Amino acid sequence: METGPTRNLALELVRVTEAAALAAGRQMGRGAKEAADLAAVEAMRLMLNSIEMNAVIVIGEGEKDNAPMLFNGERVGTGRGVEMDIAVDPIDGTRLLANGNWNAIATVAVAPRGTMFFPGPTFYMKKIAVGPEARGKIELDAPVAHNLQVVAKARGMTVDDLTVVILDRPRHEDLIAEVRQAGSRIRLIPDGDVAGALMTCWPDSGIDILLGIGGTPEGVLAACAVRAMGGEIQGKLYARDEVELRHGRELGYDYDKVLAMDDLVASDDVFFTATGITDGELLDGVKYTGSSARTDSLVVRGLTLTVREIIATHRLDRLGELSSIKY
(Lines give C-alpha, C1' and ligand atoms only; values in the text may rest on other atoms or scores of the structure.)
Protein backbone atom coordinates (compact mmCIF):
# COMPACT_ATOMS: atom_id res chain seq x y z
CA MET A 1 0.00 0.00 0.00
CA GLU A 2 1.38 3.39 -0.98
CA THR A 3 1.58 6.11 1.64
CA GLY A 4 2.44 9.76 1.39
CA PRO A 5 5.50 11.31 2.99
CA THR A 6 5.30 11.89 6.73
CA ARG A 7 6.31 15.04 8.54
CA ASN A 8 10.05 15.64 8.76
CA LEU A 9 10.59 17.42 12.07
CA ALA A 10 14.28 17.87 11.32
CA LEU A 11 13.43 20.50 8.72
CA GLU A 12 11.73 22.49 11.49
CA LEU A 13 14.40 21.76 14.09
CA VAL A 14 17.14 23.22 11.92
CA ARG A 15 15.65 26.66 12.63
CA VAL A 16 16.28 25.90 16.32
CA THR A 17 19.98 25.15 15.93
CA GLU A 18 20.45 27.98 13.43
CA ALA A 19 18.98 30.42 15.97
CA ALA A 20 21.20 29.09 18.76
CA ALA A 21 24.31 29.31 16.57
CA LEU A 22 23.52 32.83 15.39
CA ALA A 23 22.83 34.03 18.94
CA ALA A 24 25.98 32.45 20.40
CA GLY A 25 28.30 33.08 17.46
CA ARG A 26 28.97 36.68 18.49
CA GLN A 27 30.74 35.35 21.61
CA MET A 28 33.45 33.48 19.69
CA GLY A 29 36.83 34.02 21.34
CA ARG A 30 35.53 36.45 23.95
CA GLY A 31 36.09 34.09 26.86
CA ALA A 32 32.50 34.44 28.09
CA LYS A 33 31.21 30.88 28.42
CA GLU A 34 28.06 31.74 30.39
CA ALA A 35 27.09 34.61 28.09
CA ALA A 36 27.41 32.31 25.10
CA ASP A 37 25.42 29.53 26.80
CA LEU A 38 22.67 31.93 27.86
CA ALA A 39 22.31 33.37 24.35
CA ALA A 40 22.10 29.90 22.80
CA VAL A 41 19.65 28.59 25.41
CA GLU A 42 17.27 31.53 25.11
CA ALA A 43 17.26 31.33 21.31
CA MET A 44 16.78 27.56 21.34
CA ARG A 45 13.91 27.69 23.85
CA LEU A 46 12.04 30.37 21.87
CA MET A 47 12.31 28.43 18.62
CA LEU A 48 11.44 25.04 20.18
CA ASN A 49 8.25 26.52 21.57
CA SER A 50 7.17 27.54 18.06
CA ILE A 51 7.11 23.92 16.80
CA GLU A 52 3.82 22.02 16.88
CA MET A 53 4.71 19.16 19.19
CA ASN A 54 4.16 18.07 22.78
CA ALA A 55 7.71 17.45 23.92
CA VAL A 56 9.70 16.90 27.10
CA ILE A 57 13.42 17.56 27.48
CA VAL A 58 15.02 14.28 28.56
CA ILE A 59 18.62 15.33 27.99
CA GLY A 60 19.32 18.93 28.96
CA GLU A 61 22.65 20.61 29.49
CA GLY A 62 23.55 22.58 32.60
CA GLU A 63 23.50 20.21 35.56
CA LYS A 64 27.23 19.57 35.46
CA ASP A 65 28.39 23.15 35.84
CA ASN A 66 25.35 25.26 36.82
CA ALA A 67 25.37 26.82 33.36
CA PRO A 68 22.24 28.34 31.81
CA MET A 69 20.12 25.43 30.72
CA LEU A 70 17.10 23.87 29.15
CA PHE A 71 16.37 21.67 32.13
CA ASN A 72 15.41 18.01 32.26
CA GLY A 73 11.64 17.64 32.42
CA GLU A 74 10.93 21.01 30.83
CA ARG A 75 8.05 20.93 28.34
CA VAL A 76 8.63 22.59 25.00
CA GLY A 77 6.66 22.97 21.81
CA THR A 78 3.14 24.27 21.40
CA GLY A 79 1.69 21.42 23.46
CA ARG A 80 -0.20 20.11 20.45
CA GLY A 81 0.66 17.23 18.17
CA VAL A 82 2.97 14.27 18.67
CA GLU A 83 4.55 13.42 22.03
CA MET A 84 8.32 13.49 21.79
CA ASP A 85 11.54 13.22 23.81
CA ILE A 86 14.13 15.92 23.18
CA ALA A 87 17.88 15.97 23.76
CA VAL A 88 19.60 19.34 23.51
CA ASP A 89 23.07 20.76 23.73
CA PRO A 90 22.77 24.45 22.84
CA ILE A 91 26.56 24.56 22.56
CA ASP A 92 28.53 21.34 22.27
CA GLY A 93 31.95 22.80 23.00
CA THR A 94 31.24 25.94 25.05
CA ARG A 95 34.90 26.27 25.94
CA LEU A 96 35.82 25.83 22.28
CA LEU A 97 33.57 28.74 21.39
CA ALA A 98 34.79 30.93 24.26
CA ASN A 99 38.40 30.35 23.19
CA GLY A 100 37.72 30.67 19.46
CA ASN A 101 38.64 27.05 18.78
CA TRP A 102 37.24 24.63 16.20
CA ASN A 103 34.19 22.35 16.25
CA ALA A 104 31.69 24.18 18.49
CA ILE A 105 28.17 23.27 17.31
CA ALA A 106 24.54 23.73 18.39
CA THR A 107 22.60 20.46 18.48
CA VAL A 108 19.11 19.08 19.09
CA ALA A 109 17.59 15.61 18.68
CA VAL A 110 13.97 14.44 18.84
CA ALA A 111 12.52 10.93 19.11
CA PRO A 112 9.15 9.41 20.08
CA ARG A 113 8.20 9.78 23.75
CA GLY A 114 9.83 7.22 26.02
CA THR A 115 12.56 6.11 23.62
CA MET A 116 15.56 8.10 24.91
CA PHE A 117 17.80 6.81 27.70
CA PHE A 118 17.77 8.92 30.85
CA PRO A 119 21.22 8.81 32.49
CA GLY A 120 20.13 9.86 35.96
CA PRO A 121 23.00 10.94 38.24
CA THR A 122 25.80 9.60 36.04
CA PHE A 123 27.45 12.35 34.04
CA TYR A 124 30.00 10.24 32.15
CA MET A 125 30.14 7.14 30.00
CA LYS A 126 32.75 5.14 28.11
CA LYS A 127 31.99 5.30 24.37
CA ILE A 128 32.86 3.89 20.99
CA ALA A 129 31.36 5.27 17.78
CA VAL A 130 31.85 4.37 14.12
CA GLY A 131 30.32 5.12 10.74
CA PRO A 132 28.02 2.91 8.64
CA GLU A 133 30.74 0.65 7.19
CA ALA A 134 31.76 -0.64 10.63
CA ARG A 135 28.26 -0.90 12.10
CA GLY A 136 27.79 -4.29 13.79
CA LYS A 137 31.53 -4.94 13.95
CA ILE A 138 32.60 -3.13 17.14
CA GLU A 139 32.61 -4.30 20.78
CA LEU A 140 33.04 -1.70 23.52
CA ASP A 141 34.66 -4.15 25.94
CA ALA A 142 37.01 -5.68 23.36
CA PRO A 143 40.70 -4.65 23.32
CA VAL A 144 41.43 -1.38 21.52
CA ALA A 145 43.60 -3.15 18.95
CA HIS A 146 40.74 -5.52 18.06
CA ASN A 147 38.31 -2.67 17.42
CA LEU A 148 40.85 -0.83 15.32
CA GLN A 149 41.47 -3.95 13.24
CA VAL A 150 37.78 -4.63 12.55
CA VAL A 151 37.09 -0.98 11.69
CA ALA A 152 40.07 -0.89 9.33
CA LYS A 153 38.89 -4.09 7.63
CA ALA A 154 35.34 -2.80 7.30
CA ARG A 155 36.57 0.42 5.73
CA GLY A 156 39.05 -1.27 3.40
CA MET A 157 42.00 0.35 5.16
CA THR A 158 44.95 -0.66 7.28
CA VAL A 159 45.13 0.11 11.00
CA ASP A 160 47.79 2.74 10.44
CA ASP A 161 45.44 4.52 8.00
CA LEU A 162 42.82 5.05 10.71
CA THR A 163 42.30 8.30 12.60
CA VAL A 164 40.88 7.99 16.12
CA VAL A 165 39.26 10.97 17.83
CA ILE A 166 39.72 11.13 21.62
CA LEU A 167 38.98 13.81 24.20
CA ASP A 168 42.24 15.28 25.50
CA ARG A 169 41.95 14.28 29.17
CA PRO A 170 44.41 12.78 31.70
CA ARG A 171 42.04 9.81 32.13
CA HIS A 172 42.81 8.79 28.55
CA GLU A 173 46.57 8.36 28.94
CA ASP A 174 46.37 4.56 28.81
CA LEU A 175 43.88 4.61 25.93
CA ILE A 176 46.11 6.93 23.91
CA ALA A 177 49.08 4.66 24.56
CA GLU A 178 47.12 1.61 23.33
CA VAL A 179 46.06 3.39 20.13
CA ARG A 180 49.63 4.49 19.48
CA GLN A 181 50.93 0.99 20.08
CA ALA A 182 48.39 -0.36 17.59
CA GLY A 183 49.69 2.14 15.03
CA SER A 184 46.66 4.35 14.36
CA ARG A 185 46.69 8.11 14.11
CA ILE A 186 45.05 10.21 16.83
CA ARG A 187 43.13 13.48 16.75
CA LEU A 188 42.91 14.87 20.30
CA ILE A 189 40.06 17.31 20.87
CA PRO A 190 39.74 19.60 23.91
CA ASP A 191 35.92 19.33 24.05
CA GLY A 192 32.90 18.51 21.90
CA ASP A 193 32.58 14.74 21.60
CA VAL A 194 29.12 14.98 20.00
CA ALA A 195 30.90 16.50 17.01
CA GLY A 196 33.55 13.79 17.36
CA ALA A 197 30.96 11.03 17.10
CA LEU A 198 29.27 12.73 14.15
CA MET A 199 32.57 12.96 12.31
CA THR A 200 32.82 9.16 12.21
CA CYS A 201 29.70 9.14 10.00
CA TRP A 202 30.67 12.12 7.81
CA PRO A 203 32.67 10.92 4.79
CA ASP A 204 34.93 13.96 4.41
CA SER A 205 35.83 14.45 8.07
CA GLY A 206 38.84 12.13 8.07
CA ILE A 207 37.73 10.57 11.38
CA ASP A 208 37.15 6.81 11.51
CA ILE A 209 36.37 5.99 15.14
CA LEU A 210 35.67 7.75 18.45
CA LEU A 211 36.97 6.23 21.69
CA GLY A 212 37.03 7.28 25.32
CA ILE A 213 35.03 8.61 28.25
CA GLY A 214 32.82 11.64 27.72
CA GLY A 215 29.53 13.10 28.88
CA THR A 216 26.52 10.79 29.20
CA PRO A 217 24.03 13.43 27.98
CA GLU A 218 26.28 13.98 24.97
CA GLY A 219 26.36 10.21 24.46
CA VAL A 220 22.57 10.03 24.14
CA LEU A 221 22.52 13.04 21.83
CA ALA A 222 25.27 11.50 19.70
CA ALA A 223 23.39 8.19 19.63
CA CYS A 224 20.40 9.91 18.04
CA ALA A 225 22.60 11.40 15.35
CA VAL A 226 24.74 8.34 14.71
CA ARG A 227 21.66 6.08 14.50
CA ALA A 228 20.02 8.47 12.05
CA MET A 229 23.19 8.48 9.93
CA GLY A 230 23.50 4.69 9.80
CA GLY A 231 26.48 4.36 12.14
CA GLU A 232 26.83 2.78 15.56
CA ILE A 233 27.64 3.93 19.08
CA GLN A 234 27.96 1.87 22.26
CA GLY A 235 28.35 3.14 25.79
CA LYS A 236 28.85 2.09 29.40
CA LEU A 237 28.08 4.27 32.40
CA TYR A 238 31.21 5.50 34.18
CA ALA A 239 31.06 6.63 37.81
CA ARG A 240 33.59 9.23 38.91
CA ASP A 241 33.73 7.95 42.49
CA GLU A 242 32.21 5.44 44.90
CA VAL A 243 29.51 7.87 46.03
CA GLU A 244 28.23 8.35 42.47
CA LEU A 245 28.47 4.61 41.82
CA ARG A 246 26.51 3.71 44.95
CA HIS A 247 23.86 6.35 44.25
CA GLY A 248 23.44 5.19 40.67
CA ARG A 249 23.13 1.53 41.67
CA GLU A 250 20.52 2.45 44.30
CA LEU A 251 18.49 3.99 41.46
CA GLY A 252 18.77 0.79 39.43
CA TYR A 253 21.53 1.70 36.96
CA ASP A 254 23.85 -1.08 35.75
CA TYR A 255 27.46 0.06 35.44
CA ASP A 256 28.61 -3.21 33.89
CA LYS A 257 26.11 -3.26 31.01
CA VAL A 258 27.15 -2.22 27.52
CA LEU A 259 24.45 0.14 26.28
CA ALA A 260 23.68 -0.62 22.65
CA MET A 261 22.00 1.79 20.25
CA ASP A 262 18.53 0.49 21.16
CA ASP A 263 19.30 1.22 24.82
CA LEU A 264 20.38 4.79 24.10
CA VAL A 265 17.57 5.60 21.66
CA ALA A 266 15.01 2.91 20.95
CA SER A 267 13.55 4.18 17.68
CA ASP A 268 14.55 4.67 14.07
CA ASP A 269 12.08 7.56 13.91
CA VAL A 270 14.66 10.00 15.22
CA PHE A 271 15.52 13.49 14.01
CA PHE A 272 18.79 15.34 14.55
CA THR A 273 20.12 18.74 13.55
CA ALA A 274 23.42 20.52 14.19
CA THR A 275 24.59 23.97 13.14
CA GLY A 276 28.22 25.02 13.20
CA ILE A 277 29.14 27.89 15.51
CA THR A 278 32.89 27.82 14.90
CA ASP A 279 34.62 26.24 11.90
CA GLY A 280 35.38 22.53 12.08
CA GLU A 281 35.87 19.31 10.14
CA LEU A 282 32.13 18.70 10.34
CA LEU A 283 30.57 22.10 9.63
CA ASP A 284 31.56 25.68 8.92
CA GLY A 285 30.98 28.20 11.66
CA VAL A 286 28.76 31.29 11.54
CA LYS A 287 30.08 33.90 9.11
CA TYR A 288 29.04 37.54 9.52
CA THR A 289 29.05 40.11 6.71
CA GLY A 290 27.50 43.10 8.47
CA SER A 291 23.97 42.93 7.08
CA SER A 292 23.73 39.15 7.01
CA ALA A 293 25.10 35.92 8.45
CA ARG A 294 25.74 32.51 6.90
CA THR A 295 25.14 29.19 8.67
CA ASP A 296 26.04 25.60 7.82
CA SER A 297 23.80 22.85 9.22
CA LEU A 298 23.49 19.07 9.22
CA VAL A 299 19.89 17.79 9.09
CA VAL A 300 19.26 14.07 9.57
CA ARG A 301 16.18 11.84 9.57
CA GLY A 302 16.57 8.33 10.92
CA LEU A 303 13.49 6.79 9.32
CA THR A 304 14.85 7.36 5.82
CA LEU A 305 18.58 7.79 6.68
CA THR A 306 18.43 11.04 4.72
CA VAL A 307 21.29 13.42 5.50
CA ARG A 308 21.06 17.01 4.32
CA GLU A 309 23.53 19.84 4.55
CA ILE A 310 21.77 23.19 4.60
CA ILE A 311 23.68 26.39 3.97
CA ALA A 312 21.55 29.43 4.75
CA THR A 313 21.99 33.19 4.50
CA HIS A 314 20.13 35.17 7.16
CA ARG A 315 19.27 38.86 6.81
CA LEU A 316 20.02 40.16 10.29
CA ASP A 317 18.04 43.38 9.88
CA ARG A 318 14.88 41.49 8.97
CA LEU A 319 15.38 38.95 11.74
CA GLY A 320 15.78 41.83 14.20
CA GLU A 321 12.39 43.19 13.18
CA LEU A 322 10.62 39.85 13.53
CA SER A 323 12.29 38.17 16.50
CA SER A 324 13.19 38.99 20.10
CA ILE A 325 16.40 36.97 19.75
CA LYS A 326 19.55 39.12 19.71
CA TYR A 327 21.45 38.02 16.63
Side-chain angles (χ1 to χ4, degrees), residues 9-10 12-14 16-17 20 37 40-92 105-125 127 129 193-194 197-198 214-229 233-238 244 247-248 251-255 257 259-274 300-303:
L9 269 175
E12 299 174 60
L13 291 169
V14 71
V16 175
T17 54
D37 243 348
V41 165
E42 289 181 342
M44 188 168 275
R45 177 179 284 117
L46 183 67
M47 297 304 294
L48 281 171
N49 284 330
S50 73
I51 299 175
E52 188 165 323
M53 62 182 177
N54 184 1
V56 176
I57 293 177
V58 176
I59 301 295
E61 265 291 323
E63 290 89 344
K64 284 187 293 187
D65 53 10
N66 296 316
M69 60 184 285
L70 283 149
F71 60 87
N72 291 341
E74 180 176 350
R75 289 197 167 271
V76 292
T78 63
R80 300 183 300 273
V82 291
E83 294 191 1
M84 308 295 285
D85 286 344
I86 293 192
V88 299
D89 195 345
I91 306 174
D92 177 48
I105 60 176
T107 65
V108 62
V110 173
R113 188 78 184 100
T115 59
M116 283 190 193
F117 178 76
F118 177 62
T122 308
F123 291 131
Y124 292 95
M125 67 163 47
K127 308 172 193 176
D193 68 341
V194 175
L198 287 173
T216 307
E218 290 86 350
V220 177
L221 192 54
C224 294
V226 170
R227 179 168 192 143
M229 297 174 77
I233 185 169
Q234 298 174 9
K236 181 185 282 189
L237 295 176
Y238 174 85
E244 187 174 292
H247 182 41
L251 293 174
Y253 287 93
D254 185 349
Y255 288 78
K257 178 182 179 180
L259 299 167
M261 295 239 288
D262 280 341
D263 297 307
L264 296 169
V265 56
S267 176
D268 284 327
D269 193 15
V270 62
F271 306 91
F272 175 86
T273 65
V300 187
R301 185 180 190 187
L303 206 58

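Model, not experiment: these values are computed from the prediction.
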Go through the steps to decide whether Lys257 and Asp263 satisfy the test side-chain contact (heavy atoms from CB on, under 4.5 Å), and finish with yes or no. CA-CA 10 Å; Lys257 178 182 179 180; Asp263 297 307; 3.4 Å; yes
Hey, could you give me the CD1/OG1 distance between Ile51 and Thr78, rounded to the nearest 0.5 Å? 9.5 Å
Pair Ile57, Val76 - check side-chain contact (heavy atoms from CB on, under 4.5 Å), show working. CA-CA 7 Å; Ile57 293 177; Val76 292; 4.0 Å; yes
Between Lys236 and Asp254 (side chain of the first, backbone of the second, donor and acceptor by atom type, cut-off under 3.5 Å), is there such a pair? no
Quick one: closest heavy-atom pair of Ala274 and Thr107, and the distance? CB-CG2, 3.9 Å
Considering residues at least two apart in sequence or located in another chain, which fulfil the side chain to side chain contact (heavy atoms under 4.5 Å, CB included) criterion with Phe118? Val58, Asn72, Tyr253
Determine, step by step, whether Phe271 and Leu303 satisfy the side-chain contact (heavy atoms from CB on, under 4.5 Å) criterion, reporting the C-alpha distance in whole Å, the side-chain angles of both residues, the deciding distance to 0.1 Å, and the verdict. CA-CA 8 Å; Phe271 306 91; Leu303 206 58; over 6 Å; no
Over all atoms of both residues, closest heavy-atom pair of Gly248 and Pro121: CA-CG, 4.0 Å
Where is the tightest heavy-atom contact between Val226 and Ala197, given as atom of each residue plus distance? CG2-O, 4.0 Å
Among residues at least two apart in sequence or on other chains, which ones pass side chain to side chain contact (heavy atoms under 4.5 Å, CB included) with Tyr238? Tyr124, Ile213
Give the table of side-chain donor-acceptor pairs shorter than 3.5 Å for residues 42-50, with sequence neighbours excluded, one pair per line with atom names and distance.
| from | atom 1 | to | atom 2 | distance (Å) |
| --- | --- | --- | --- | --- |
| Arg45 | NE | Glu74 | OE2 | 2.7 |
| Arg45 | NH2 | Met69 | O | 3.1 |
| Arg45 | NH2 | Glu74 | OE1 | 3.1 |
| Arg45 | NH2 | Glu74 | OE2 | 3.4 |
| Asn49 | OD1 | Gly77 | N | 3.0 |
| Asn49 | ND2 | Arg45 | O | 3.3 |
| Ser50 | OG | Met47 | O | 2.6 |

Can you name the closest pair of heavy atoms from Asp269 and Pro112 and give their distance? O-CD, 3.2 Å
With sequence neighbours left out, the residues meeting side chain to side chain contact (heavy atoms under 4.5 Å, CB included) with Ala223 are Ile233, Leu264, Val265
For Asp268, what residues pass the salt bridge (charged side-chain N to carboxylate O under 4.0 Å, His left out) criterion, not counting sequence neighbours? Arg227
Scanning both residues in full, the closest heavy-atom pair of Asn54 with Gly81 reads CB-O, 4.0 Å
How close do Thr273 and Ala10 get, counting heavy atoms only, and between which atoms? CG2-O, 3.3 Å
Applying side-chain contact (heavy atoms from CB on, under 4.5 Å) to Glu218 and Asp92, what does each step give before you reach the verdict? CA-CA 8 Å; Glu218 290 86 350; Asp92 177 48; 4.2 Å; yes
Applied to residues 107-119, the salt bridge (Lys or Arg N to Asp or Glu O under 4.0 Å) test, sequence neighbours excluded, yields Asp85-Arg113
